[in-house]
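Heads up, the thing below is written out as structure tokens.
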2 protein chains.
Amino acid sequence: MSRYEKVCLIRADGGRAIRRILDRIGDKWALLVIATLHEQRMRFTHLQQRVPGISQRMLSLTLRNLERDGLVSRTSYPEVPPRVEYELTPMGRTLIEPAVALAEWAVEHDPDIGRSQRQYDSRQT
Amino acid sequence: MSRYEKVCLIRADGGRAIRRILDRIGDKWALLVIATLHEQRMRFTHLQQRVPGISQRMLSLTLRNLERDGLVSRTSYPEVPPRVEYELTPMGRTLIEPAVALAEWAVEHDPDIGRSQRQYDSRQT
DNA sequence: CTGGATCCAGTACGATACTG
DNA sequence: CAGTATCGTACTGGATCCAG
């Protein structure tokens, strides 16, 4: 596949496929949860501790969405007290690779973006 | 850099770097505009025609944000009627690669996600 | 032609409180 | 422990109208 054809993937179907995945990992917590879950399967509370700043509500919502998309699987054990563990599905794992590619770009260019923003803002004054 | 270290890039700085770029390309139109602009520099109206469904307002906002981030450059020609052209900056071009990686993943797994969602939803009934 | 200004609906997110 | 329910806020994106 040529580079040009690859770029067309972004625009494929009016960008609907890429939109769907961006709507998921674009939200505030999903990618962070995925990256955290990549280390190991984890219980709800442990996960909340490992993702600093996330509220119960948002962790709950995020996990439910990820489960619905088939990126995370949920296993609840019939015990008292209740124990529920979350882990990435095989498909969830494959998402790590492109996500890391984006993260590398982000970390590498973050200073440039910051500089550009400050320049832009100072010109507006 | 090991795979584990790479995954940590996502969580680096509490995920701030990846968040900044996701806040940008995660919005509804930015990535579509970038992909469209990858083909060639383009005027405002032409761009609007090439990105189906985008409103004037959103194109304008999107372009200004991208310009502020240093991903797109704006050149206005002192003519009547006014002519303004947009093109990707060198940094903007480098974003194409990880974006395409994500788009490939999205297109490849879109059917699986759709299936998973339908399954999940039918179980809730 | 290239946008800026305004109004409005939907929703993402946070804080807090409550429950099996 | 692992969530759900409720409320309030702030922001996003769309439609429309206006201006240099």
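Chain identifiers are assigned alphabetically (A, B, ...) following the order of the sequence lines, protein sequences preceding nucleic acid strands; residue numbering begins at 1 within each chain.
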Item checked: Ala101(B) backbone acceptor or donor facing Glu104(B) side chain under 3.5 Å -> no
Checklist line | Residues Arg83(B), Ser76(B); criterion side chain to side chain donor-acceptor pair (under 3.5 Å); working and verdict | finding: CA-CA 6 Å; Arg83(B) 177 162 65 99; Ser76(B) 84; over 6 Å; no
Checklist line | Whole-Å gap separating P (dG10(C)) and CG (Asp23(A)) | finding: 18 Å
Check: Taking the side chain from Ser60(B) and the backbone from Gln56(B), do they hold a donor-acceptor pair closer than 3.5 Å?
Finding: no
Next item on the list: Starting at atom CZ of Arg74(A), determine the distance to atom C1' of dA2(D), rounded to an integer number of angstrom.
Entry: 8 Å
Notebook entry, point to check: Reading nucleotides 4-20 of chain D 5' to 3', which nucleotides get B (base under 4.0 Å from a protein heavy atom), which S (sugar-phosphate only), which -?
Noted result: B-B------BBB----B
Checklist line | Test side chain to side chain contact (heavy atoms under 4.5 Å, CB included) applied to Leu88(A) and Val72(A), Leu66(A), Leu95(A), Thr94(A), the passing residue | finding: Val72(A)
Margin query: Looking at Tyr86(B), I'd like to know whether one of its side-chain N or O atoms comes within less than 4.0 Å of OP1 or OP2 on dG3(C).
Written below: yes
Check: Roughly, in whole Å, what's the span from CD in Glu67(B) to C1' in dG3(C)?
Finding: 13 Å
Check: Between atom CG in Leu59(A) and atom C1' in dC13(C), what is the gap in whole Å?
Finding: 14 Å
Note to self: Expressed as a whole number of angstroms, how long is the span from Arg19(B):CZ to dA12(C):P?
What the structure shows: 14 Å
Next item on the list: Would you please say whether a donor-acceptor pair under 3.5 Å links the side chains of Ser116(A) and Arg68(B)?
Entry: no
Item checked: Protein-nucleotide distance (Leu63(A), atom CG; dC1(D), atom P), rounded to Å -> 16 Å
Check: To the nearest Å, how far apart are Leu47(B) CG and dG3(C) P?
Finding: 10 Å
Margin query: Looking at Arg83(A), I'd like to know whether one of its side-chain N or O atoms comes within less than 4.0 Å of OP1 or OP2 on dG3(D).
Written below: no
Check: Should Leu61(B) and Leu71(B) be counted in the same cluster of Ile, Leu, Val, Met, Phe, Trp and Tyr side chains packed under 4.5 Å apart?
Finding: yes
